[in-house]
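Contents: one structure, followed by commentary.
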Amino acid sequence: MFIVNLVQSWLTQFTALIDSLGIARTTLVASALSIYLAGLVVYRLFLSPLSRVPGTTLSKLTVAKLRFDALTGRMGQASHADYYQHGDIYTLAPNIVVVSDPADCRAILSSHRFAKSPMYEAFALIEETMFTTRSPDLVHMRRRQVGPAFTHARLAKMETVILDCGVREIRRKWDALVGQAGGEAEINYARHFSLATFDIIGALGYGQRFDALRNDRAQIISWVDQYN
């Protein structure tokens with residue numbers, strides 16, 4: 001309470017001083033805003049640790065360019081142009097850096113020291129997972145638990161299951177549709193590949209064959225769409 005009263009007293013005295021000097025409050029606010037914006041520009045262009053990273057001046061100053069490209073569907077074209085103009089590493093926004101070199105990507109993804117951005121918190125529907133958490137300690141623990149499953153020997157054992165539930169099942173599905181239609185059939189690529197992915201995850205992650213693609217369980221696709 002003492003601190004609150006002290007702040008209120010200071011604000012009252014400061015306001016009285018401004019009024020006694022005949023300075024309009026709007027002028028004071030505009031001046032303070034101008035000083036803040038000028039300081040922000042100087043910091044982001046010259047003093048920020050990211051100021052030495054290649055990138056356009058607009059990208060270093062504001063996130064507006066990134067949002068505009070996202071809203072207009074130009075993210076792909078803009079990223080392609082920025083890559084050829086600035087190289088493997090460049091600034092996408094004041095606090096966002098794009099890394100394109102495969103070796104650099106492996107170095108970043110192989111370490112738990114690099115925390116994910118806050119946007120991943122939106123994907124934590126029930127609780128944190130190794131894909132959504134921003135906690136380096138949880139990522140490190142999950143890597144030690146899951147890592148052995150992704151060795152070359154383990155992946156080689158998964159290959160048969162992936163082929164059976166994926167490419168081979170898709171081919172059987174399409175051959176059956178073509179045969180039933182008398183030589184020509186309309187194929188829904190998005191649905192069939194999504195159902196094949198569901199079957200692969202079920203077989204590898206849960207040890208159960210759901211046969212979603214074979215039985216054309218479209219309800220599964222609607223469940224996935226609800227969380228996208």
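Hydrogens, waters and symmetry mates are skipped; everything else that's a heavy atom, side chains included, is used.
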(request) Give the minimum heavy-atom separation between Arg44 and Pro94, together with the two atoms involved. (result) NH1-CG, 3.5 Å
(message) Distance check, rounded to the nearest 0.5 Å: Ser100 atom OG versus Asp82 atom CG?
(response) 9.5 Å
(message) If I take atom NZ from residue Lys65 and atom CG from residue Leu58, how far apart are they, to the nearest 0.5 angstrom?
(response) 7.0 Å
(message) Is it the case that the side chain of Arg134 and the backbone of Ala115 share a donor-acceptor pair, with hydrogens and angles ignored and the cut-off at 3.5 Å?
(response) no
(message) Give me each pair satisfying salt bridge (charged side-chain N to carboxylate O under 4.0 Å, His left out) with a member in residues 190-208, each pair once, sequence neighbours excluded.
(response) Arg191-Asp216
(request) Measure from the side-chain N and O atoms of Thr132 to the backbone N and O of Glu128, and report whether any donor-acceptor pair falls under 3.5 Å. (result) no
(message) I'd like to know if the side chain of Gln77 pairs up with that of Arg74 as donor and acceptor (distance under 3.5 Å, no hydrogens or angles considered).
(response) no
(message) Any heavy-atom pair between the side chains of Leu177 and His192 that's under 4.5 Å?
(response) yes
(request) Identify the heavy atoms of Ala196 and Gly166 that sit nearest to each other, and give their distance. (result) CB-CA, 4.4 Å
(request) Determine, step by step, whether Arg168 and Arg171 satisfy the side-chain contact (heavy atoms from CB on, under 4.5 Å) criterion, reporting the C-alpha distance in whole Å, the side-chain angles of both residues, the deciding distance to 0.1 Å, and the verdict. (result) CA-CA 5 Å; Arg168 291 169 184 163; Arg171 183 171 183 176; 5.7 Å; no
(message) As an exercise, state the distance from CD of Gln219 to CG of Asn215, rounded to the nearest 0.5 Å.
(response) 14.0 Å
(request) For Pro148 and Arg144, work out which heavy atoms get closest and say how close. (result) CD-O, 3.5 Å
(request) Kindly compute the distance separating CG (Leu40) from CD1 (Ile35), expressed to the nearest 0.5 Å. (result) 13.5 Å
(message) Please check this pair: side chain of Arg217 against backbone of Phe210, looking for a donor-acceptor N/O pair closer than 3.5 Å.
(response) yes
(message) Please say yes or no: joined through hydrophobic side-chain contacts below 4.5 Å, possibly via intermediate residues, are Met158 and Ile201 part of one cluster?
(response) no
(message) Can a donor-acceptor pair be found, under 3.5 Å and without considering hydrogens, that links the side chain of Lys60 to the backbone of Ser51?
(response) yes
(message) Ser111: which residues meet the side-chain hydrogen bond (donor to acceptor under 3.5 Å, both in side chains) condition with it, sequence neighbours left out?
(response) Arg113
(message) Side chains of Glu159 and Leu155, heavy atoms from C-beta outward: is any pair under 4.5 Å?
(response) no
(request) Go through the steps to decide whether Leu66 and Val63 satisfy the test side-chain contact (heavy atoms from CB on, under 4.5 Å), and finish with yes or no. (result) CA-CA 5 Å; Leu66 171 61; Val63 73; 4.0 Å; yes
(request) Report yes or no: does Ser79 contribute a side-chain atom to a donor-acceptor pair with the main-chain N or O of Gly76 at less than 3.5 Å? (result) no
(request) Indicate the atoms forming the closest heavy-atom contact of Ala190 with Ser194, along with that distance. (result) O-OG, 2.8 Å
(message) Let me check something: do Leu50 and Leu45 share a hydrophobic cluster, defined by ILVMFWY side-chain heavy atoms less than 4.5 Å apart, either directly or through other members?
(response) no
(message) I need the minimum non-hydrogen distance between Phe114 and Ala107, along with the two atoms involved.
(response) CE1-O, 4.3 Å
(message) Determine whether a donor-acceptor pair (N or O, by modelled atom type, separation under 3.5 Å) exists between the side chain of Asp211 and the backbone of Arg214.
(response) no
(message) Does Tyr90 form a side-chain contact (heavy atoms from CB on, under 4.5 Å) with Gln85? I'd like the steps, not just the answer.
(response) CA-CA 9 Å; Tyr90 60 89; Gln85 181 179 357; over 6 Å; no
(request) Using side-chain contact (heavy atoms from CB on, under 4.5 Å) as the criterion, point out the one residue from Ile162, Val161, Thr160 that pairs with Asp164. (result) Thr160
(message) Checking the side chain of Thr91 only, and the main-chain atoms of Ala93 only, is there a donor and an acceptor separated by less than 3.5 Å?
(response) no
(request) Return yes if some donor-acceptor pair links the side-chain N/O of Thr72 with the main-chain N/O of Phe68 below 3.5 Å, else return no. (result) yes
(message) Quick check on Gln145: does its CD atom have over 12 non-hydrogen neighbours (other residues, nucleotides or ligands) under 6.0 Å away?
(response) yes
(message) I'd like to know whether Ile170 forms a side-chain contact (heavy atoms from CB on, under 4.5 Å) with Leu213, so could you lay out the CA-CA distance, the side-chain angles of the two residues, the decisive distance to 0.1 Å, and finally the verdict.
(response) CA-CA 8 Å; Ile170 288 175; Leu213 176 59; 3.6 Å; yes
(request) Find the distance between CG (Asp88) and CG (Asp104) and round it off to the nearest 0.5 Å. (result) 7.0 Å
(message) Once rounded to the nearest 0.5 Å, what's the spacing between atom CG of Leu37 and atom CG of Leu33?
(response) 4.5 Å
